[in-house]
Amino acid sequence: MSLSTHRTTLSKFVIEQLKNSPDGQELAALLIDVTAAIKAISAIVAKGALEGNATNAVGADSPKTTNVHGEVQGPLDLLTNEIMLHQCDWGGLVAGMVSEEMEKPYDIPTEYARGRYLLLFDPLDGSSNIDFNVSVGTIFSVLDHGKNSNPTQADYLQPGSRQVAAGYAIYGPATIMVLTVGQGTYGFTLDHEIGNFILTHSNLRVPEETDQFAINASNERFWEPPMQRYVQECNAGKTGPRERDFNMRWIASMVADVHRIMIRGGVFSYPRDNKSNQNGRLRLMYEANPMALLIEQAGGAASTGRGRILDEQPQGLHQRIPVVLGSRREVERIERYHREFDAGTDKPFVSPLFNERSLFRPEARK
Ligand code: F6P
């Protein structure tokens, strides 16, 4: 018998945490439906190449549709989207849903009752990693519609500070679900033997200090000067203004990078860049907002570089947003660099490697 049978399951945990909130039991029931979808996605992802549908590779016979962002949708993107929709549409708990994979909101079928919540999700984040067996995930956000009627698009455009729940699942060596209902951030590990998520990471806290950052450094030439300054200072290590060495990690799967930061600390950024006139790459409503709430509830900070992500008034369902999140002190430092740059008072860092005594100057190599 698994020891897990004596531990706290996710269902028990959310029912307990929400027992005194008005409509809390409906929210708990919705989170349990989301969990059922995540268990199904976990099982499918874990089959890897054993199942025809378990690869995201777009071969000759695979559908070649693109999503609203122009990204190729593989079979797994579409299948996991269907799983999320159909595990959550029938129970009278949601009024509508928004997915990264669908341009328009999903209307609840007429035969089902409408609930008061709006569910927004990215069903398979980081899915370009699936063919290499690298961790992928699901990210979701829950907003309160406040009434059991069909929502308009405008009803979804609530700032992230109004989320009533948020979470992600990471499909790695273990499947872990990290969740908040606004009373701290908690992690649950899927026990495959008994089919339950078990509380394993109680009251997660993101360390304030860190010596790790996560960023797609190949974009450096496209970033704004404050972000270039931050990363150049980290890279200068002990001999630079930070006076200590930093380490860089980039999995290119937001759930995996954010999960590492939840556990070990660090700062994750996909900043504004001028690569393709993008306001960052990540989506506000179902990537940045839920991750920002989870990180803040764990004592970290989440910013665009110029303000709190959770205070952003969304302009569109699929809008992008610059993201800087993780260990509080580092996020505050990056915000300061943006303020100084905007005020024209910044002092950009010049690496000693490129100054008079540069190791790379021909005379230094003699
Ligand atoms: O959702 C987009 C996403 O896959 C994130 O999971 C990840 O952090 C990022 O894109 C990776 O971007 P890039 O391919 O530019 O490294």
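Remember, it's 1-based here, ligands and their atoms both numbered in the order they're listed. Residue numbers run from 1 in the order of the sequence given. Hydrogens, waters and symmetry mates are skipped; everything else that's a heavy atom, side chains included, is used.
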Chemist: Please identify which of these residues, N150, D89, N148, meets the side chain to side chain donor-acceptor pair (under 3.5 Å) condition with R114.
Modeler: N150

Chemist: Could you tell me which atoms of ligand 1, counted from 1 in the order shown, lie closer than 4.0 angstrom to a heavy atom of W250?
Modeler: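 Listed by number with element, the hits are 8 (O), 11 (C), 16 (O).
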
Chemist: Using distance alone, determine whether D122 and ligand 1 share an N or O pair under 3.5 Å.
Modeler: no

Chemist: Should H318 and Y286 count as side-chain neighbours, where that means a heavy-atom distance under 4.5 Å?
Modeler: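 Result yes, sub-4.5 Å side-chain heavy-atom pair found.
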
Chemist: Within the 4.0 Å heavy-atom shell around G126, which atoms of ligand 1 are there?
Modeler: 4 (O), 6 (O)

Chemist: Does any N or O atom in D257 lie less than 3.5 angstrom from one in ligand 1, N or O only?
Modeler: no

Chemist: In the structure I gave you, are the side-chain heavy atoms of V136 and D125 within less than 4.5 Å of one another anywhere?
Modeler: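 The answer is no, as the side chains (C-beta and beyond) never meet within the 4.5 Å cut-off.
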
Chemist: Which ligand 1 atoms does E287 reach within 4.0 Å, using its non-hydrogen atoms?
Modeler: 1 (O), 2 (C)

Chemist: Tell me whether E26 is salt-bridged to R116, with the criterion being a basic N under 4.0 Å from an acidic carboxylate O.
Modeler: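 Looking at E26 and R116, the cut-off is not met.
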
Chemist: So which protein heavy atom does atom 13 (P) of ligand 1 come closest to, and at what separation?
Modeler: N216 ND2, 3.6 Å

Chemist: Run down the list A252, S127, G137, S218 and name the one with the heavy atom closest to atom 7 (C) of ligand 1.
Modeler: A252

Chemist: Anything under 30° is parallel, anything over 60° is perpendicular, the rest tilted; go ahead and classify F213 against Y230.
Modeler: perpendicular

Chemist: What's the shortest distance from atom 15 (O) of ligand 1 to any protein heavy atom, and which residue and atom give it?
Modeler: Y270 OH, 2.5 Å

Chemist: Can you sort out which atoms of ligand 1 are near M254, meaning under 4.0 Å from one of its heavy atoms?
Modeler: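 Those of ligand 1 that fall under 4.0 Å from M254 are 5 (C), 6 (O), 7 (C), 8 (O).
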
Chemist: Just wondering, are more than 12 heavy atoms of other shown residues or ligands nearer than 6.0 Å to CD in E103?
Modeler: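 No, not enclosed.
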
Chemist: Is there a side-chain contact between I139 and F121 in this structure, where contact means two heavy atoms from C-beta onward sitting under 4.5 Å apart?
Modeler: no

Chemist: When you compare ligand 1 with N219, is there at least one nitrogen or oxygen pair between them that comes in under 3.5 angstrom?
Modeler: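 Among all N and O atoms of N219, none is under 3.5 Å from an N or O of ligand 1.
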
Chemist: What protein heavy atom lies closest to atom 2 (C) of ligand 1? Include the residue and the distance to one decimal.
Modeler: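 Residue, atom and distance for the closest contact: R281 NE, 3.7 Å.
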
Chemist: Can you list the residues that meet the ring pair (Phe, Tyr, Trp, His ring centres under 6.0 Å) rule with Y168, with sequence neighbours excluded?
Modeler: H259

